[in-house]
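Okay, so here's the structure we're looking at.
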Amino acid sequence: MSAESPDTTGSPKPTVTVLDYGSGNVRSAVRALERAGAQVTLSAKPDDVLNADGLVVPGVGAFCSVMAELKGVDALRMIGRRVAGGRPVLGICVGLQVLFDASVEHGVRENGMGEWPGTVELLPATVVPHMGWNTVTVPEGSMLFEGVEAERFYFVHSYGVQKWDFDVAQPKMKPPMVTWSEHGAPFIAAVENGPLCATQFHPEKSGDAGARLLRNWVQSLRKGAR
């Protein structure tokens, strides 16, 4: 499996903004997206966030800290505007977790963005954090995981969403696709929901498999798949 695929279409590179709000070292994500074929900007400026073909929301650290930092740059409103307008967003790690209703990290309930129902809870495993490579169970027809359905991805987290109860039915929209992994119990490893996608693992740290997943997402921006 090749980690990279040259663009032979002659079309402009899709523009991707990596949201710059203070979340750890995001340079690896920027470089991985550039290798995947995107023209990448690291920014929290509204023009960059709202007008890019794709927005990546990274997340490292505690749920409550990430939520506070997102609020500090008005990211919740901008992410909401993109989703409402059908503009692609990809969350990574805590960037997935904040899209759910809430977290009970360290016994403190903190509200998330509420794009999906569910609560981020401590993984019931003998050893946490869940750190390292793990397999995933991918639904049929996944765009993100095309070509890497049987591969392993790199996780670093102690908390996750362990239940999925999405009862919103909209005739013109496909139901969300949920990918699972397991560490002590099954937990959500990724969600694909129209323009809104997210992964609990770090694709930028997942070798060739992660590179292929990011390339799948970047190519979907070019194709206007959403």
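Treat the numbers as computed from the prediction; the structure is a model and nothing was measured.
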(Q) When you measure from the side chain of His202 to the backbone of Glu204, do you find a donor-acceptor pair of N or O atoms at a distance under 3.5 Å? (A) no
Q.
Is the shortest side-chain heavy-atom distance between Leu122 and His106 below 4.5 Å?
A. no
Q: Taking the side chain as every heavy atom from C-beta outward, state whether Ile92 and Pro203 have any atom pair closer than 4.5 Å.
A: yes
Q) In Å, rounded to the nearest 0.5 Å, how long is the span from NE2 of His183 to CE of Met131? A) 10.0 Å
Q | Any Val120 side-chain heavy atom under 4.5 Å of Gln162 side chain | A | no
Q) If you measure from CG on Asp101 to CD on Glu110, what distance do you get to the nearest 0.5 Å? A) 13.0 Å
Q: Look up atom OG1 in Thr199 and atom CG in Leu213, then write down how far apart they are to the nearest 0.5 Å.
A: 6.5 Å
Q. Within the side chain of Tyr21, is there an N or O that forms a donor-acceptor pair under 3.5 Å with the backbone of Pro58?
A. yes
Q) Looking at side-chain heavy atoms only, is the closest gap between Thr179 and Ile188 below 4.5 Å? A) no
Q. Roughly how far apart are Asp20 CG and Leu42 CG, rounded to 0.5 Å?
A. 4.0 Å
Q. Any idea how Phe187 and Phe155 line up, ring-wise: parallel (<30°), tilted (30 to 60°), or perpendicular (>60°)?
A. perpendicular
Q. Does a side-chain heavy-atom distance below 4.5 Å link Arg222 with Pro14?
A. yes
**Q.** Test log, rule side chain to side chain contact (heavy atoms under 4.5 Å, CB included), inputs Arg212 and Asp208
**A.** CA-CA 6 Å; Arg212 173 63 184 270; Asp208 285 355; over 6 Å; no
Q.
For Val104, is there any backbone N or O sitting under 3.5 Å from a side-chain donor or acceptor partner on Glu121?
A. no
Q. Quick check, are the ring centers of Phe145 and Phe153 under 6.0 angstrom apart?
A. yes
Q. Between Val161 and Trp116, does a side chain to side chain contact (heavy atoms under 4.5 Å, CB included) hold up when you go through it step by step?
A. CA-CA 11 Å; Val161 180; Trp116 300 315; over 6 Å; no
**Q.** Lys163 vs Pro117 side-chain heavy atoms within contact, under 4.5 Å
**A.** no
Q.
With rounding to the nearest 0.5 angstrom, report the CZ to CG distance, Arg152 to Asn134.
A. 6.5 Å
Q. What residues, two or more places apart in sequence or in another chain, satisfy salt bridge (Lys or Arg N to Asp or Glu O under 4.0 Å) together with Asp74?
A. Arg77
**Q.** Thr15 OG1 to Asn51 CG distance, which is reported to the nearest 0.5 Å
**A.** 8.5 Å
(Q) Heavy-atom count check: over 12 atoms from other residues, nucleotides or ligands less than 6.0 Å from Gln39 CD? (A) no
Q. Which heavy atom of Ala52 sits nearest a heavy atom of Arg82, and at what distance?
A. O-NH1, 2.8 Å
Q) How about Val98 and Leu70: do any of their side-chain heavy atoms sit closer than 4.5 Å? A) yes
Q: Answer whether the closest heavy-atom distance between the side chains of Phe63 and Phe100 falls below 4.5 Å.
A: no
Q: Could you give me the CA-CA distance, side-chain angles and deciding distance for Glu115 and Asn193, then say whether side chain to side chain contact (heavy atoms under 4.5 Å, CB included) is met?
A: CA-CA 10 Å; Glu115 294 290 342; Asn193 184 198; over 6 Å; no
Q: Start with the C-alpha gap between Val94 and Val60, add the side-chain angles, then the distance that decides, and say whether side chain to side chain contact (heavy atoms under 4.5 Å, CB included) holds.
A: CA-CA 6 Å; Val94 185; Val60 177; 5.9 Å; no
Q: Please answer whether the main-chain N or O of Leu50 pairs with a side-chain N or O of Arg81 as donor and acceptor at a distance below 3.5 Å.
A: no
Q: For residues Gln200 and Gln97, report the shortest heavy-atom separation together with the two atoms involved.
A: OE1-NE2, 3.1 Å
